[in-house]
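Every value quoted in this text rests on a predicted model; they were computed, and no experiment measured them. Atom set for the values below is all heavy atoms of this structure, side chains included, hydrogens, waters and symmetry mates excluded.
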Amino acid sequence: KNAHVVYDMNVNCVGMVVAMDQVSRVIKTDPKIKHALLVGSLFVSSIARDDDIFTYSAVADAAVAIVLKHTQDEVEKGVVDSAYFTDSKDSHIVLSPVCGMSKVLLNYDVDLNDRKLLQRPLDASFFSINWAKLVKNLLSAHNLVPDDIDYYFFSQYTKTEVMKTAALLGVDFEEKFVYVG
């Protein structure tokens, strides 16, 4: 009953990061908002196909909640900046659900497996190049260099691409990267 602004979004693996970015910006610009509850969850077991070796074995159910607080501190706090990269050329690789969302609800004669997620093999070698470019551009906009950052947090299933990103940034992976698979 005390919720004043509520919205639901689905940005898949970057959902919590995008939500924290957006909520942080709203809090900074609206002094009436004192606190925000950010909740993220993933219920992949309900949509994972047992014949999808990638998703079925690598993704699990999870939930997290974070409380964000509006402060009037002199020091800049919260999300400082963000950048996003989207390339839809491989949108046929991950289908969730395979039959399309409208057929899940409206067409009941769709096979159960076609109502679930399917991920085909993906050449993810472009990840590190684009991540490094995004990081370098963000740092440059704030007169920083990659080594100025204490820790980099990457939540991604492809640790190899995260390690390549560290190399492209000239940053020691073991020293400065926290990897969450």
Side-chain angles (χ1 to χ4, degrees), residues 1-48 55 58-88 91 94 96-97 101-102 104-105 116-117 119 124 127-128 130-159 161-162 165-166 169 171-181:
K1 66 182 178 182
N2 288 322
H4 300 286
V5 178
V6 178
Y7 67 96
D8 182 11
M9 60 184 262
N10 180 3
V11 197
N12 298 321
C13 57
V14 294
M16 281 301 285
V17 174
V18 172
M20 191 171 343
D21 177 36
Q22 292 180 9
V23 170
S24 175
R25 290 172 190 272
V26 170
I27 287 175
K28 285 180 179 181
T29 60
D30 189 345
K32 295 185 305 277
I33 299 175
K34 303 297 181 210
H35 296 90
L37 175 64
L38 180 58
V39 179
S41 63
L42 194 60
F43 188 34
V44 177
S45 65
S46 66
I47 60 169
T55 305
V59 182
D61 301 337
V64 63
I66 300 170
V67 175
L68 301 174
K69 179 180 178 181
H70 181 111
T71 63
Q72 297 291 338
D73 291 351
E74 297 287 326
V75 179
E76 181 71 26
K77 290 190 175 182
V79 176
V80 176
D81 202 351
S82 61
Y84 301 95
F85 171 79
T86 302
D87 183 348
S88 61
S91 61
V94 179
S96 180
M101 195 57 79
S102 64
V104 167
L105 300 174
K116 295 186 175 190
L117 177 140
Q119 179 159 343
F127 285 13
S128 56
N130 288 295
W131 291 338
K133 189 184 308 179
L134 284 173
V135 170
K136 286 177 181 177
N137 288 342
L138 279 172
L139 293 175
S140 176
H142 296 278
N143 298 314
L144 298 168
V145 296
D147 208 41
D148 290 335
I149 304 301
D150 292 327
Y151 294 103
Y152 291 82
F153 294 87
F154 275 67
S155 175
Q156 234 349 289
Y157 60 85
T158 171
K159 187 174 182 180
E161 288 303 307
V162 176
T165 303
L169 294 172
V171 175
D172 183 276
F173 176 81
E174 297 297 327
E175 180 184 322
K176 291 204 171 205
F177 272 71
V178 175
Y179 173 75
V180 181

Could you grab the distance from atom [atom1] of [X] to atom [atom2] of [Y], nearest 0.5 Å is fine?
| X | Y | atom1 | atom2 | value |
| --- | --- | --- | --- | --- |
| Ser128 | Lys133 | OG | NZ | 11.0 Å |
| Met16 | Ser41 | CE | OG | 9.5 Å |
| Leu134 | Ser82 | CG | OG | 10.0 Å |
| Gln22 | Ile27 | CD | CD1 | 12.5 Å |
| Thr165 | Lys159 | OG1 | NZ | 13.5 Å |
| Tyr151 | Glu175 | OH | CD | 8.5 Å |

Atom of [X], atom of [Y] and distance for their closest heavy-atom approach:
| X | Y | value |
| --- | --- | --- |
| Val79 | Met20 | CG2-O, 4.0 Å |
| Ala132 | Leu169 | O-CD2, 3.8 Å |
| Val67 | His35 | CG1-CD2, 4.3 Å |
| His70 | Asp30 | ND1-O, 4.0 Å |
| Ala36 | Val23 | CB-CG1, 3.6 Å |

I'd like to check [X] versus [Y] (side-chain heavy atoms, cut-off strictly below 4.5 Å). Are they in contact?
| X | Y | value |
| --- | --- | --- |
| Val94 | Gln119 | yes |
| Leu42 | Asp61 | no |
| Leu139 | Asp148 | no |

Keeping the roles fixed (side chain from [X], backbone from [Y]), state whether a donor-acceptor pair exists under 3.5 Å.
| X | Y | answer |
| --- | --- | --- |
| Lys69 | Lys34 | no |
| Ser140 | Lys136 | no |
| Lys116 | Pro97 | no |

Salt bridge (charged side-chain N to carboxylate O under 4.0 Å, His left out) against Asp81, all qualifying residues, sequence neighbours excluded: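 Arg25.
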Under the side-chain hydrogen bond (donor to acceptor under 3.5 Å, both in side chains) test, residues paired with Tyr84 that sit two or more places apart: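 Result, side-chain hydrogen bond (donor to acceptor under 3.5 Å, both in side chains) vs Tyr84: Asp21.
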With Phe177 via ring-ring contact (aromatic ring centres under 6.0 Å, His included) - residues at least two apart: Tyr152, Phe154, Phe173
